[in-house]
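Just below is one structure, and these are the notes that go with it.
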Amino acid sequence: MLFLGENMKKNNKFFVVTYGCQMNKHDSEKIIGLLLSQGYKRAETMEGADIIIFNTCCVRGSAEDRLFGNINSLKLIKDKRQDLIIAVGGCVAQKEGSKLQRKMSHVDVVFGTHNIASLPTLIKEAQKGKIACEVLKSPRDEIKALPVERDNSVRAWVNISTGCNNFCSYCIVPYVRGRETSRSFEDIVAEVKMLASEGFLEVTLLGQNVNSYGRDLYGEIRFAELLRQLNEIDGIERIRFTSSHPRDFNGDIVLALAECEKVCEHVHLPLQAGSDNVLKTMRRGYTKEGYLDLVKKIYEAVPNCSITTDIIVGFPGETEEDFLDTLDVVKQARFDNAFTFAYSPREGTRAFEMENQISKKVKMDNFKRLLEVQNKNSLKNNLVLMEKELEVLVESPSKKKADVLTGRTRTNKVVNFPGPHSLINRLARVKIKEVRSWSLNGELKEVCERESICRL
Ligand code: SAH
Ligand code: SF4
Ligand code: F3S
């Protein structure tokens, strides 16, 4: 651990605000781990912090607007407290670079998605009154393994790749996260073994397109082999992964999903749109039929698999007929959940320049129509679970009632049931007694008493 100077000892409390996807949440764990390892301390609230760090997302305009609103609201505080450091990292920082400090003069530090390791140095520069900004276009050759302060003691995120090469025409991610770069097999296996030895029960493998994992390293897709290797690691009980790209979800992966007992029965399989025309303009690389065929293969291999998806409504030029194709896929695929987004034009992407932008009203109407169909799907799928006993990894007390616990099934469904707090972070068997579209209620049948999961 480095020792801080007298001055920094006084101004060393930080607070991190995170927006965006799981990748960003995991990056925040690295930011926190790195700063703690350098002697900084966590502040309990933003008000109590000397350094406020925003880890940002720009996938849709709404996320960015919210961020700018929040940073602007700190201007008055900064006027009164000149020694307060405001740092902006993540995808907005990568996109805007030093422009951000020109737009908002009270931002002291800007660090890109490839520059987390430089944050302590940048903070020190800012504390000396210098303008601190570092935004690299691509990762440095030697990517340093950063210390990680995990948010949870049983569930852990593990990066298997960063960046994306797909350039879907609406999406800004490849511009802010760079090209797809896979981590080595050995590094990933070593991290998961380490997590198992520390008592973690669940890992979620992260990548913008996990299914193409290894293409840049081994010249062919190796995701299925990775799943099989990780499945052998003692102590890990659940393996999840996100996101999958339907184009790269090959037969080997379907087989690994079926055969690896620790790989959970849940696939997040972004559809984006159901019409072939829209899929083509989105540059997704599959057709409606191809997508439905993959869904069929997954259900055949893993009959109780839960499939969730992302859908964009109102892509430029989307007609009523196109939208009906999306609704048709939603019905046929029987998704357990669909995250629906109104198309948001992102400058720099191909779709930004397209004509035939769809009105806000049509986007909102279609959004509602989609939600109605999906609600029915979800409820129908959950009704099948009545009176079934399911394995639940208990996460926390429920937000509504202190004596009710909440956790997730292997299929990633939320289950609430009455039980003591001592069950948190353990696996339990719960009988489902009531179902809703978005959650299940049940009663405790049994606590799983396996050695590895008795961590109290
Ligand atoms: N790599 C992942 C996640 C990408 S971002 C994947 O391909 O699945 C998460 C979701 O945001 C996407 O799946 C997409 O549905 C949505 N999204 C991306 N760009 C968008 C845009 N410009 N407008 C609206 N939604 C968008
Ligand atoms: Fe964006 Fe497409 Fe890459 Fe996902 S696969 S991050 S939607 S470009
Ligand atoms: Fe957002 Fe960046 Fe993730 S744009 S969705 S935080 S990769």
> In chain order, what residues pass the salt bridge (Lys or Arg N to Asp or Glu O under 4.0 Å) check against Glu259, with sequence neighbours excluded?
Replying inline: Arg228
Verify whether one side chain among [X] and [Y] offers a donor that lies under 3.5 Å from an acceptor in the other.
{"X": "Arg247", "Y": "Asn166", "answer": "yes"}
{"X": "Ser212", "Y": "Glu180", "answer": "yes"}
{"X": "Ser28", "Y": "Thr18", "answer": "yes"}
{"X": "Asn55", "Y": "Lys30", "answer": "no"}
{"X": "Ser378", "Y": "Asn375", "answer": "no"}
{"X": "Arg177", "Y": "Asn24", "answer": "yes"}
{"X": "Asp322", "Y": "Ser275", "answer": "yes"}
{"X": "Asp216", "Y": "Ser182", "answer": "yes"}
{"X": "Thr411", "Y": "Glu265", "answer": "no"}

State whether [X] and [Y] are salt-bridged, where the test is any N-O pair (Lys NZ or Arg NE/NH1/NH2 against Asp/Glu carboxylate O) under 4.0 Å.
{"X": "Asp365", "Y": "Arg369", "value": "no"}
{"X": "Lys262", "Y": "Glu237", "value": "no"}
{"X": "Lys193", "Y": "Glu232", "value": "no"}
{"X": "Lys13", "Y": "Asp50", "value": "no"}
{"X": "Glu202", "Y": "Arg238", "value": "yes"}
{"X": "Glu64", "Y": "Arg346", "value": "yes"}
{"X": "Arg215", "Y": "Asp248", "value": "yes"}

> How about Thr406 and Val414: do any of their side-chain heavy atoms sit closer than 4.5 Å?
Replying inline: yes
> Is the Phe352-Tyr170 ring centre distance short of 6.0 angstrom?
Replying inline: no
>> Taking side chain to side chain donor-acceptor pair (under 3.5 Å) as the criterion, tell me which of Thr326, Asp325, Asp276 meets it with Lys288.
In response: Asp325
>> Please list all pairs meeting ring pair (Phe, Tyr, Trp, His ring centres under 6.0 Å) that have one or both residues in residues 234-278, counting only residues at least two apart or in different chains.
In response: Phe223-Phe241, His245-Tyr286, His268-Phe339
> About how many Å separate OH of Tyr213 and CG of Leu206, when rounded to the nearest 0.5 Å?
Replying inline: 13.5 Å
> By side-chain contact (heavy atoms from CB on, under 4.5 Å), which residues pair with Ser62, not counting sequence neighbours?
Replying inline: Arg60
> Looking only at atom types and distance, does a side-chain atom of His26 sit under 3.5 Å from a main-chain N or O of Ala156, one as donor and one as acceptor?
Replying inline: no
